[in-house]
Amino acid sequence: LSENGFQINSGNGHNGTGVLEINPSATSHIPLSILSKNGQTANLVNVTSFGGTAGNLFSIASSGNVGIGLVPTSKLNVLGTSTAASNTPSDAIVDIQGTSTAHLLMGVANVSPYGAWINTDDTTQPLVLMGTGGNVGIGTRTPDSALEVVDSTNYKGIHIRGNSAPNLTFGQNASTTAEWKIGISGFNGDSFSIGTGISGDDKLHITNTGNVGIGTTSPSSTLTLGNA
């Protein structure tokens, strides 16, 4: 112990280097250094609440794994309270903040089917995947398109839900305006349609009875042609 810091050595020694060394004054020294013994199996660091189990707040295993709230079994383990998907930072198990106002929140759901969730802290803040380009795969490690979804179950893949007329829309280049759309008709929630724009403009209309209308939203026969 000196004005330059202090060092705690084990009985076996570490070639003059302490098991715990705090030396903030020398630029050649790491301010805080913790060395493990060869063959170390116990945790290097345990931060424990009064009356709690060893390392129940924070721990660093001899393997280098870090745990917050539990004994780590991977490089970083964090234990928190499960909640429904939320935009509230205090509901998240992990809250990542940058210098902007947005937060990236991650958690685990407490309701069936008990999945995990990722949100921003405001519904006006977008969640961007591969924002600089690249492919995203769901159910595959090798996506060949901007978005590729793989599911081996019949009649499953992408499910889109909305209010009265959920649609998949298409625009050209950088335009955010829909030029074409495909989905549930805005004229009849039991019908399927292909149309243009963002409002009701069905070019092809298929009823739940199988009637097809081109240029009409009320086909009365198997195929009805309207004045498009």
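Note that the coordinates shown come from a computational prediction; the quantities given were computed from them, not determined experimentally. All heavy atoms count here, side chains included; hydrogens, waters and symmetry mates do not.
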Which hydrophobic side chains are connected to Y114, either touching it within the sub-4.5 Å cutoff or through other members that do?
none

Could you work out the complete set of other residues in the hydrophobic cluster of V150, with links drawn between I, L, V, M, F, W and Y side chains under 4.5 Å apart?
none

Regarding [X] and [Y], is there a side-chain donor-to-acceptor distance under 3.5 Å anywhere?
X	Y	value
T207	T209	yes
D201	T196	yes
H205	T217	no
D91	T83	no

Testing the basics here: between S59 and N46, what is the closest heavy-atom pair and its distance to 0.1 Å?
CB-OD1, 3.5 Å

Nearest non-hydrogen partners of S185 and S193, listed with the distance
CA-OG, 3.5 Å

Is there a donor-acceptor pair closer than 3.5 Å between any side-chain N or O of [X] and the backbone N or O of [Y]?
X	Y	answer
S221	L223	yes
N110	A84	yes
N135	P143	yes
K181	D202	no

Roughly how far apart are [X] [atom1] and [Y] [atom2], rounded to 0.5 Å?
X	Y	atom1	atom2	answer
S191	N211	OG	CG	9.5 Å
H103	T88	NE2	OG1	11.0 Å
F58	T48	CZ	OG1	11.5 Å
I68	L76	CD1	CG	5.5 Å
D95	I93	CG	CD1	12.0 Å
E148	T142	CD	OG1	6.5 Å

Is there side-chain contact between [X] and [Y], with at least one heavy-atom pair below 4.5 Å?
X	Y	answer
I118	L104	yes
S82	V108	yes
P89	L105	yes
F192	L204	no
Q97	D121	no

Side chain to side chain donor-acceptor pair (under 3.5 Å) partners of residues 153-180, not counting sequence neighbours, each pair once
D151-T153

Could you list the residues that satisfy side-chain contact (heavy atoms from CB on, under 4.5 Å) with [X], not counting sequence neighbours?
X	result
S49	N56, L57
M130	V136
T124	D122

Please tell me whether [X] and [Y] are part of a single hydrophobic cluster in this structure, the criterion being side-chain heavy atoms less than 4.5 Å apart.
X	Y	answer
L129	I138	yes
M106	L127	yes
I96	V66	yes
L225	I206	yes
I214	I194	yes

Check the pair N77, N65 against side chain to side chain contact (heavy atoms under 4.5 Å, CB included), reporting the backbone distance first and the verdict last.
CA-CA 8 Å; N77 278 163; N65 293 345; over 6 Å; no

